[in-house]
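Letters A, B, ... are given to chains in the order of the sequence lines, protein chains preceding strands, and every chain is numbered from 1.
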Amino acid sequence: MTTQVAEANTPINPVEPFLRMDRMPHIWCPGCGIGTTVNCFARALTSSGYDLDKVAIVSGIGCTGRVAGYLNLDSFHTTHGRAIPFATGLKLANPELKVVVYSGDGDLIAIGGNHLIHAARRNIDITVVCVNNMLYGMTGGQVGPATPNTAIASTAPYGAFEQPFNLPFLADSCGAVYVARWTSYHVRQMTRAMREAMAKPGFSFIEIVAPCPTLYQRRNRLGDGLDAMKYYKQRSTRKDGASTRDVDIDFQGDIVVGKFIDRERPTFLQAMNHRFTERLGSRYTPYPTGLED
Amino acid sequence: MTTQVAEANTPINPVEPFLRMDRMPHIWCPGCGIGTTVNCFARALTSSGYDLDKVAIVSGIGCTGRVAGYLNLDSFHTTHGRAIPFATGLKLANPELKVVVYSGDGDLIAIGGNHLIHAARRNIDITVVCVNNMLYGMTGGQVGPATPNTAIASTAPYGAFEQPFNLPFLADSCGAVYVARWTSYHVRQMTRAMREAMAKPGFSFIEIVAPCPTLYQRRNRLGDGLDAMKYYKQRSTRKDGASTRDVDIDFQGDIVVGKFIDRERPTFLQAMNHRFTERLGSRYTPYPTGLED
Amino acid sequence: MTVDPKGVLTGHHYLDGDHACCEGALAAGCRFAAGYPITPSTEVVERISARFPMIGGVFIQMEDELASSIAVLGAAWAGKKSMTVTSGPGFSLMMEHIGLAAMTETPVVFVNVQRGGPSTGLPTLPGQADMMQARWGSHGDYEIIALCPNSPQECFDLTIEAFNLSEKYRVPVMFMMDECVGHMTERVIIPKPEELHVVDRKFTSRPPGEYLPYKVYDGWVPEMVKAGDGYRFHITGLTHNEVGYPAMNWQAQEKLVRRLIDKIRKNADEIAMYEEADTEDADVVVLSYGITSRVAMRGVEMARAQGAKVGTLRLIVVWPMPETKIREIAGKVKAIVVPEMNYGQVALEVERLAGGRTQTVLVPHGGGTVHDPEAIARAILEVSR
Amino acid sequence: MTVDPKGVLTGHHYLDGDHACCEGALAAGCRFAAGYPITPSTEVVERISARFPMIGGVFIQMEDELASSIAVLGAAWAGKKSMTVTSGPGFSLMMEHIGLAAMTETPVVFVNVQRGGPSTGLPTLPGQADMMQARWGSHGDYEIIALCPNSPQECFDLTIEAFNLSEKYRVPVMFMMDECVGHMTERVIIPKPEELHVVDRKFTSRPPGEYLPYKVYDGWVPEMVKAGDGYRFHITGLTHNEVGYPAMNWQAQEKLVRRLIDKIRKNADEIAMYEEADTEDADVVVLSYGITSRVAMRGVEMARAQGAKVGTLRLIVVWPMPETKIREIAGKVKAIVVPEMNYGQVALEVERLAGGRTQTVLVPHGGGTVHDPEAIARAILEVSR
Amino acid sequence: MATVELKFGGFGGQGVILAGIIIGKAASLYDNKDATLTQAFGPEARGSACSAQVIVSDDRILYPYVSSPDVLVAMSQDAFTRFSPEVKDDAILVVESELVDTSGVDPAKRVYGIPATRIAEELGRKMVLNIVMVGFFTAVTGVVDREAVRRSVRDSVPPSTINLNLKAFDKGYEYGRKVLAEA
Amino acid sequence: MATVELKFGGFGGQGVILAGIIIGKAASLYDNKDATLTQAFGPEARGSACSAQVIVSDDRILYPYVSSPDVLVAMSQDAFTRFSPEVKDDAILVVESELVDTSGVDPAKRVYGIPATRIAEELGRKMVLNIVMVGFFTAVTGVVDREAVRRSVRDSVPPSTINLNLKAFDKGYEYGRKVLAEA
Amino acid sequence: MSAATQAGAVKKKKKKYQGRIYVDRERCKGCGFCVEFCPFGALELETDYNAKGYHPPFLAHEDKCNGCDLCGLYCPDFAIFSEKIRVED
Amino acid sequence: MSAATQAGAVKKKKKKYQGRIYVDRERCKGCGFCVEFCPFGALELETDYNAKGYHPPFLAHEDKCNGCDLCGLYCPDFAIFSEKIRVED
Ligand SMILES: Cc1ncc(C[n+]2csc(CCOP(=O)(O)OP(=O)(O)O)c2C)c(N)n1
Ligand SMILES: Cc1ncc(C[n+]2csc(CCOP(=O)(O)OP(=O)(O)O)c2C)c(N)n1
Ligand code: SF4
Ligand code: SF4
Ligand code: SF4
Ligand code: SF4
Ligand code: SF4
Ligand code: SF4
Ligand SMILES: [Mg+2]
Ligand SMILES: [Mg+2]
């Protein structure tokens, strides 16, 4: 039979070169969706053909925030909410780097919300992958800015009642040049979106809806990670180019997925070079943007 | 002749009861637009007929942030960027209060951006008046998140190059129930908008474009406050109900003004009461929302 | 003294320190809380979020600690007793608003369940290294009060005390737990409402017009008002005069800030809470606080078993320090041994107060677990020789 | 030692301290700066924003101080020398990232132009009350270096020194100006590039695979790398091992945090910078720093005029304190007089170090203006009697 | 019994800490003893090692941690491997028998095993495996009174699951009696 | 002259501080002296009082503030009212004559006035009133060399406005010479 | 109310309302908003300075003012306002 | 490569590719994603536990696997992957 326990002489998992295998097993719970997204990200890197020495990954704090620590790249596990401004400094100081921010909904949109909207506005040339498990996983399942109404969370024991953000709409309103949403069920589409987003100059944002079986699924009696995946499969509708205004997510409701925004505008550094050149002429030597070829 | 120097026996300015006259003259420069907005706000209060003992005003830090200190209300001059969360605590702890946040673009949208989007999302029942003079006045005219491209500022000596926020779009994307923009030229419309916004349950947001002659006008060789007012008069177009997506402001370009959003949804406290009552039934005594009658 | 019985969960409970702290707050009359999750403090707000709806309180989980630490000030000025809860990284984000609370004399409680630091450090393991930060972490000069419980029972009792002190002195009070105490579960006895001592906010009885928000009519502390009562007062974080208006000069600064500091420093002996034992004829006194005071006792017993004459001084209120008491002890022992879960914080102040009249011996520990009691015993034995 | 001549504005200038600080940074090789406006520090970044485009640097005005204080860490890990600039309220918001910088050993300079506090306080007037915050303001235990210039010329010279120390010890360095120095304009002489002493970042020479980011190969400080060079390193604010991976136990904590502290404390004498004068046969030594050291000189002269034998010790590096030097002085004078623009911060440490062997006399001042020199003279005369 | 030190170990999701709380509460509220529980968990709670320590004593408990347990309850191999070297010489080892291999243990030690996971799965919810362990522990160690523990179980689980949990407790307890009887 | 203390006062927008800087720079860079300038401004810079203090000395300057000025340059009534009580007995008072009422001043004091605002308005930009004052100050006090100040003006204003400012300086200077001559 | 004011107020006009203007000269910062946005061009700036060096407005064309108080609404310094007074016609 | 594996791989089938599956039993947390989303239903979970108490998958229907590696892409624990091998037909 073809099932085989990994041994010294078996081929290695193709994602292993992208991971810090000396840190496995990772901390994520059984059926947690984060691992699947990382798996896809590793494959997006494979197929993108980037020099991995020039790809840096930045996370904040959270279950998803641990991603940076597992990827075999220059990787930064920063403070809660501040991955984007750290990434901004990193990118601006060395534009040759491809910089990806990989973090959770709480990290990026609760405490980090301000940085998200400003980086999008400035069109900082980074890719943000937001794993939206609809609560704060790491700290034990508190309600967050993406928790749907009526869902139970540890600080919303009688059900959440604040309207959650519509993340694509928010990113859109601030000028992100690439905005997409997928779920952890959509492994191939997500992989492609990650590749596209990294290739896109400017601020790209991918929301990935993913299960937190330990806290979200369990507290809401929604079964385990697999049940979540089945729900995503069943209730997701792909609508590329949908108006971001219309893609809210309700508790166990339909999920609109797809690529919503893909537009062109100068990155922060391109705009800076343009401005300074226009104003200072030859007194100004254009700064590298990472987009020269 | 009817011109008269104020004397003991002359009638007092009708706005004086709304102001802390013992603090006049205020600190604002000649031709600064902030004073005009305050003038309108005082009149909005007059005509609204609220019990002024129950109106509280909260400002952050900035030239506009000084507004709280000049209004003869319970008034709070807090920290830079944090007027909204202070107001949130104030309102939730005593919903009987009508709470208005009055501050500048830097305060509310740069350092305070996260609080703005979250309060809008939660539909906290407060009114936010944002005086947008397109830079940081108090600290000497630095570039800010509303500075139009190419405008000169003290930290953008060669002209701003970051795309500014489209504030109504941002507030809209987070769910604000009332969103309007006026300029300091539109004194009657602004006064009415303030009255409407205060009457509206939930998170209302009014952007008021106003001149900073000392820093913005002067550095950009745009004349003085009066020149700005003339520009507003000339280049503003009223488009009530305009799609917020389309109301960007360019350097000295057209300004779309009007009431863009006016929608209904439960306030934070209404949603809370609804949720808890649904879940806890008679074990829960509804909390006052300030909207009972 | 009015205790709202709705908040008092009278009875015997098996609670961890975090949950006991929540019950203490409820019993003290706290009816507004704003928080942001962070290990190992989150259980406090988790319990609050479940308990408040039943007793008329409002809890809001804000978008970050900046927001939660100022929302509680807003609530205080609306007349509610309020508190926020966090741990190291969140505490660092609250520093600006601790200063605002101190400057505006807003009664409010900040709970910090200390974990290993600096930075993200050891999120799930104990530390006591935020003690100096609690005192000095915001810019400018100010004073606060800081308490350290050493058991879930004290998490209940002293949370009430924290609220009482914040009302009495109109000062932000730091409730400095640690992960060990916060996650330690023991029996907690909650008395009947009428057996509790709860200090009410001292609202002014002067009518609007005859009242100035920052005038001290009596003692050290101005009388308070709340929004909505017709006083039309103004509050600012700027240096202000008695009216509450900004006053941009050194004279106003000297008058205001000096008083903010003196109202605590000059009342240090009155604010002081400590447990002193066996110090009369001791050669060595072990000074400790929080969980370390319990761990130290084992070290003390070990040392006693080897003949050392050891007394103990356990600080319950750590800031302000009981200077008189420490000076007194310094005058009569060979050494003060200070075990703390950091590399020397409170020990520095002890050493200063000792003024060379006795030796101050720090027994440092980086946190992550509590001290090895033997290390404490060794330190005692070394100096008692 | 490589000085990029593009950054060096050689010549005689009439500059205020803020502008001089900017020139110092440029001369030190700083090529990334992130800031957020705040009085009285904004002029530093205003000048940077004008100067950087000409010399290949990038300045970004971030959305707040949280962002600016971590953007500079990102830039540092991309290999650039970087700095951020703020004043009290903004400094309070940077505390978490000072801890992150300390924990990750990121060389970076934090400039704080001190104003009157606490809270919004006196935005346009001087203070020196963020000194303890500079040392203790972030949660957990860590050490930093803090310098205090007393003239625009020193704002230039010592900014370079701040960068040098941050590189040498891989530590965040606090450049603690005050409003008076920052807004004081005087002649500033900028030497030729080749006359400057600039310390380069010590990048490892070991190839990937043979290098561990937090292994100390030599001395106290690990060798650094930057992103993009193939090392595939990991950086975290969690307690970490030599590889840089999280290590959640007290042993890792003790090993790491102890070293972070010791690399500064044990090198305090080497890091120390001070100006000592006339202490040999002094009865009293006046210890001061920053602008107060200049004000104090007038007080000293007044006291001398009345016959007092006064020496002076001016701290340039305030943290870590030159413990050896202060102990030595404490051993030979009747009193150490410490004027500072606060209600006692650095004086507490001086008193501790004096250990009762001499009297420590604080001459406090709330800020808003500098001391009245007569107050200092009076204090000197009182103790020299 | 002056003082008994207990250690419960397993991995995240097994309900290790709740097991400890139930025992501690039983002793502290219903069995006239003092009981201090401390817990060690981490981000590792997300699937890796976690543990609870309970000191049960007739006197006031000061030092809160357990250094060498009188009883180790191990619900995973990992916990067993890590904690079994620390136990007292005469310690009792209580293990999940399908997850923990105890073959290398000093034969002098008392080792009691129960396939708690499988029993819980049979009861319809794998999640109650910790309560099965608690019942088993109560039977084989006798550290805390059976009725006190049963009451504590009832007190500590969500109301809707009380019956299931009491059943799990009883299953574990009975299994324990049987094992003891067979020993 | 060992040390001369100068104070410049006015309200925000008048360019008070730049006036001080021009004098200080002239002394420090072009006139072989040491010169320390400190400034006092506030949110009050937004239209209310602000001031600059300059100490010019042949020796190293330590204490940076001016306590009793040798020269007060007052561009507003407010500044004059606030600062004139502090000046030395033999101080020189230099004022904007249309904005400052000096009628109550001790007749022993030397008071020189110039309608700088009006002169500036006549030059086409009210903003250069501070440079008019600088020229006037230079003429009536002689504290700093005329050429040094002129060079300093050139150095301190935006390149496109150099000519206008030099004209303003000269106007003020000439007016000063005239006033002195008439006195 | 001074006699001068009353004299102005009773001037006969063909409109029903007439304005009375109050200016706090020292509070005025001469921004000119009131002058510019008076719908009837009733105001002008003085050539005199106030103490701060600004030119305050005055009612140059009293017949044109109808007391609409738009000047009062625009004034950022609360330095001007008007009263509407009924005039018999 | 073990003989067992090769034996499986050479089984004659009507398709061009066949899959070879590698499972790291101890790393698996039994989430079932691989089993559920295998487009051909080739996998099943063991009844045995691994050391952590989870049931890892195995290739229950080796004839159904075409080596598409979707199981590998879904696995959150990097515990399974497949190789596609060409099969002569
Ligand atoms: C300043 C600060 N506040 C709070 C925390 C605690 N904290 C750690 S992770 C986290 C939330 C994580 O939620 P999310 O970003 O959604 O990630 P997830 O764990 O759900 O993947 C919080 C609040 C912290 N580390 N720092
Ligand atoms: C934490 C903090 N950072 C910075 C500042 C300095 N500061 C005061 S006001 C201000 C900006 C004001 O801009 P805006 O809100 O647009 O108000 P304006 O003055 O333009 O009306 C800044 C940055 C501060 N007080 N606190
Ligand atoms: S707690 Fe939730 S988000 Fe975190 S690892 Fe577990 S399942 Fe994933
Ligand atoms: S600086 Fe600008 S915003 Fe501030 S008061 Fe002056 S004109 Fe107004
Ligand atoms: S009241 Fe109306 S008409 Fe009269 S001056 Fe004012 S704006 Fe003009
Ligand atoms: S609007 Fe007010 S400040 Fe402006 S000119 Fe008229 S009266 Fe003066
Ligand atoms: S490789 Fe494809 S066909 Fe084979 S088991 Fe995996 S998912 Fe199924
Ligand atoms: S997807 Fe991975 S972890 Fe899940 S059952 Fe399959 S092999 Fe195991
Ligand atoms: Mg999440
Ligand atoms: Mg502004």
Side-chain angles (χ1 to χ4, degrees), chain C residues 11-19 38-40 42-43 50 115-116 120-126 150-153 178-190 275 277 286 288 290-302 312 314 339 368-374 376-377, chain E residues 3 5-6 8 12 16-46 48-68 86 144 148-149 151-159:
Chain C
H12 288 221
H13 307 272
Y14 197 59
L15 293 181
D16 71 17
D18 280 358
H19 286 182
I38 184 163
T39 306
T42 313
E43 289 86 344
R115 60 193 226 182
T120 316
L122 297 170
T124 62
L125 299 174
N150 78 0
S151 68
Q153 181 67 50
D178 59 67
E179 187 275 339
C180 188
V181 159
H183 281 165
M184 165 194 289
T185 310
E186 288 184 337
R187 188 190 308 113
V188 174
I189 302 174
I190 301 183
E275 266 178 10
V286 173
S288 59
I291 188 61
T292 306
S293 62
R294 287 172 63 165
V295 175
M297 274 316 294
R298 185 178 275 194
V300 167
E301 281 159 16
M302 288 172 174
T312 56
R314 199 256 294 195
T369 184
V370 298
H371 282 76
D372 180 352
E374 277 179 39
I376 299 170
Chain E
T3 296
E5 299 193 341
L6 317 174
F8 296 77
V16 172
I17 289 164
L18 182 60
I21 287 177
I22 287 169
I23 301 298
K25 185 193 280 185
S28 167
L29 300 188
Y30 311 125
D31 204 14
N32 289 313
K33 299 187 169 82
D34 268 9
T36 297
L37 174 142
T38 54
Q39 38 183 296
F41 69 103
E44 288 70 21
R46 318 263 159 278
S48 180
C50 71
S51 66
Q53 321 186 3
V54 184
I55 304 173
V56 179
S57 177
D58 296 326
D59 307 321
R60 200 178 153 216
I61 298 157
L62 290 170
Y63 186 80
Y65 288 131
V66 165
S67 23
S68 57
E86 308 173 349
V144 192
V149 180
R151 189 163 161 203
S152 178
V153 167
R154 185 194 300 274
D155 252 32
S156 309
V157 300

Choice from C:Met184, C:His13, C:His12, C:Met297 maximising heavy atom contacts with chain E below 4.5 Å: C:Met184
Atom CD of C:Glu374 with >12 non-hydrogen neighbours under 6.0 angstrom: no
Pair C:Tyr14-E:Leu37, side chain to side chain contact (heavy atoms under 4.5 Å, CB included): steps then yes or no: CA-CA 10 Å; C:Tyr14 197 59; E:Leu37 174 142; 3.7 Å; yes
Audit row: E:Ile17, C:His183, side chain to side chain contact (heavy atoms under 4.5 Å, CB included) steps and yes/no: CA-CA 11 Å; E:Ile17 289 164; C:His183 281 165; over 6 Å; no
Contact winner vs chain C - E:Ile21, E:Asp155, E:Thr36, heavy-atom pairs under 4.5 Å: E:Thr36
[atom1]/[X] to [atom2]/[Y] distance, rounded to the nearest 0.5 angstrom?
X        : Y        : atom1 : atom2 : answer
E:Arg60  : C:Arg294 : CZ    : CZ    : 6.0 Å
E:Leu29  : C:Ile189 : CG    : CD1   : 9.5 Å
C:Thr185 : E:Lys25  : OG1   : NZ    : 9.5 Å

Region of C:Ile291 that comes under 4.5 Å of a non-hydrogen atom in chain E: side chain
Side chain, backbone, both or neither of C:Arg298 within contact of chain E (heavy atoms, under 4.5 Å): side chain
E:Asp34 portion near chain C, given a 4.5 angstrom heavy-atom threshold: both
Residue pair C:Arg187 / E:Lys33: nearest heavy atoms and the distance that separates them: NH2-O, 2.6 Å
Side-chain heavy-atom pair C:Val295, E:Pro64 within 4.5 angstrom cut-off: yes
